[in-house]
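Working notes for the structure below.
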Amino acid sequence: MPGSDYIAHVDVNSFYASAERAFNPSLEGVPVVVLSNNDGCVVTRTAEAKALGISMGEPWFKLAPRAKAWGLVALSSNYELYGDISARVMELLGRYSAWVEVYSIDEAFLGVNGTPERMRQLGRTIKDAVRRHVGVPVCVGIARTKGLVKLANKLAKHNPDFAGVCHWESIPEDARDGLMSRLSVVELWGVATRLTNRLNAMGIRTILDLKNANPVMIRDRFSVVLMRTVMEVQGTPCIPMEEERVGRDQLIFSRSFSTPVTTAAAMGQVMSVYAQQPSARLAKHGLQAKVLTAFAGTSHYNQDNISYPSVCVPLPMPTADPVLLHKAANSLCERIYEGVKYVRAGIMVTDLRPTGNQSPLELFENPHEERGIGTLLESVSKKYGRGSIGLGSAGVRGGPDWSMKRDMLSPRYTTHWDELLLVKAS
DNA sequence: TCGGACTAG
DNA sequence: AGTTCTAGTCCGA
C-alpha cells in the first residue's frame, strides 16, 4: 500500500435494511429486520429492532406473533438489490483512495494518509458522499492496523460522540486504554464465543487484558491468528491489505427447503435444479470444476432420523457443463433414506481451474459443452424467467413445492425495469 | 492432503 | 411446522 500509513474502514450500518430504506422512506425510524433465505431467521436489524431486544439469528416464526404489536417490519432478502447498492458504494469509495480492498458486501478498507485533522475530514466527506449519492448510512474508522480500524469503526457506530467517524489516534492514549478496558474480547475481529470462553477461563476478559498479553504465549496456547489479533491491537500491522481475489477455491450452492424432501425421487428433482446454479456461476467466472460434492441434511433441531448423506464425485474432466454436473449430483439419490425428512441440500464444486487449455481429446469427450447447452439454458431462463427451462426432472411443469420461501420480498428497484419505483408528482 | 473447528458477514 | 448461506484459515490426523 505505497504511500499510505493509515487504513480507513468503511462499513454500511445495518446494510440490508438500509438498502431497503433507501427506496422505501416509510421504513425510516421504524424497526426493520431482514430475513435469511427461506424467511428463516433474522440476518439484519436496524437500531430500532435491536432496541426491541431482537437478536441476530432469531427465527422469524418466534418473532412473527409479536411483530404487529411492535410495529416491526420484516423483509425477505433481496440480494439483487443489495448487490447493486453494494457496487454503487464501492465505486464511490474508489474516488477517495487509490487503494481499496472490498472486504465484503458492505465493507471496504481504504489506504489513506495525512494529518489527523485531514483524515477525520476525509472520513466525514466519505460518509456524507455515500449518504447523498447512494442513500445509505456508513461509519468510518481510521487507524494503522486492520484490527484497530475495525474497533474504531465499532466505536464510531455505537458512540454518538464520534458522529460516525473515529480516528483512533485522535483519542488520548489513556482514554483509548479506558475504552478497551470496558470492551469484552468478543468485540474484536476474529474473536467469537469459543475463543471468548477460552480466554475468559485464563482471566483475559477485556480487550485491554488481551492487548497486555504476551503474543508468543497466545500463539502457543491458541493460534497464530489470535497472536496476529493481539499484535494488531498493540498497533503492529500483521494483516496486510489484499489484492482483489481473482478466483475462488470452491463454490457452494446450498439451500434449505420450504417443505422437507422425503424421497430419493424428489431429491433427484432438487439436484437437477440445483446443478444449474454452480454451472452458471462457473461459466460466469470462466471456471471449470474437477470435483463435485452433493450433500443433504436433516434438521439440527430434529433429533430423530438424523441423516447427513453426501457424495464426492470426481468429474470425468474439468467442466462447467450442467449435464455433467447434474449427472454427478444425482448420485446423491442413492444415499437418501425414504421417509426421512431432509430440510436442506447443496452442491459444492472444488478443484476449480480457468476454462480453456483443454486437450483436443477432452473436447471430443465433452459433447454437451460443445453444443453450448449451458449458454442456451441461461439465455432461455434470462428471457423467459427462472424455471422456464431445465434439465432432466428440473424441466417438469407444475413447479416444485420445496423451493425457497420469500413472502416479504421488496422490488428489485435498481436492476429490473418493471420493478422500478414509481414516483407521483401532484 | 483431507476434514474438522472456528470465524466473518 | 418452522432456526441462512458462502467462504476463508489453521491445525491435527
Problem - Result of checking A:His416, A:Glu20, A:Arg412 against A:Leu81 for side chain to side chain contact (heavy atoms under 4.5 Å, CB included) - result: A:Glu20

Practice task
Report which part of the nucleic acid A:Asn38 touches: base, sugar-phosphate, or nothing (heavy-atom distance under 4.0 Å, all strands).
Solution key: nothing

Practice task
Return the value, rounded to whole Å, for the distance between atom CZ of A:Arg228 and atom C1' of B:dA8.
Solution key: 15 Å

Exercise for the section: For A:Phe15, report the nucleic acid contact type (base, sugar-phosphate, nothing); a contact means any heavy atom under 4.0 Å. Expected result: nothing

Problem - Euclidean distance, atom CG of residue A:Asp249 to atom P of B:dT1 [Å, nearest integer] - result: 14 Å

Exercise for the section: Looking at every strand, decide which applies to A:Trp60 at a 4.0 Å heavy-atom threshold: base, sugar-phosphate, or nothing. Expected result: nothing

Handout entry: A:Arg205 atom CZ, over 12 foreign heavy atoms within 6.0 Å
Key = no

Handout entry: Separation of B:dA5 P from A:Phe222 CZ (nearest whole Å)
Key = 18 Å

Handout entry: A:Asn24 and A:Ser26: side chain donor to acceptor below 3.5 Å
Key = yes

Exercise for the section: Could you check whether A:Glu58 gets within reach of a base, just the sugar-phosphate, or nothing at all, counting any heavy atom under 4.0 Å? Expected result: nothing

Practice task
Look at all strands and tell whether A:Leu226 reaches a base, only sugar-phosphate, or nothing, counting heavy atoms closer than 4.0 Å.
Solution key: nothing

Problem - Residue closer to the 5' end of DNA chain C, A:Asn302 versus A:Val225 (nearest nucleotide) - result: A:Asn302

Problem - Leading and trailing nucleotides of DNA chain C with any atom under 4.0 Å from heavy atoms of chain A - result: C:dG2 to C:dC11

Practice task
Would you classify A:Leu195 as touching base, sugar-phosphate or nothing, given that sugar-phosphate means primed atoms plus P, OP1 and OP2, and contacts are heavy atoms under 4.0 Å?
Solution key: sugar-phosphate

Exercise for the section: Take atom CD of A:Gln250 and atom P of B:dC2, then tell me their distance rounded to the nearest Å. Expected result: 12 Å

Handout entry: Audit row: A:Ser76, A:Asp39, side-chain hydrogen bond (donor to acceptor under 3.5 Å, both in side chains) steps and yes/no
Key = CA-CA 6 Å; A:Ser76 305; A:Asp39 294 342; 2.8 Å; yes

Handout entry: Pair A:Trp189 and A:Tyr103, ring centroids less than 6.0 Å apart
Key = yes

Exercise for the section: For A:Leu35, report the nucleic acid contact type (base, sugar-phosphate, nothing); a contact means any heavy atom under 4.0 Å. Expected result: nothing

Problem - Nearest-nucleotide 5' precedence on DNA chain C, A:Phe61 against A:Val224 - result: A:Phe61

Handout entry: A:Tyr16 vs A:Tyr79, ring pair (Phe, Tyr, Trp, His ring centres under 6.0 Å): CA-CA, chis, key distance, verdict
Key = CA-CA 9 Å; A:Tyr16 296 173; A:Tyr79 289 109; 5.7 Å; yes

Practice task
Run the numbers on A:Thr298 and A:Asn305 for side chain to side chain contact (heavy atoms under 4.5 Å, CB included), then give the verdict.
Solution key: CA-CA 8 Å; A:Thr298 49; A:Asn305 280 324; 5.6 Å; no

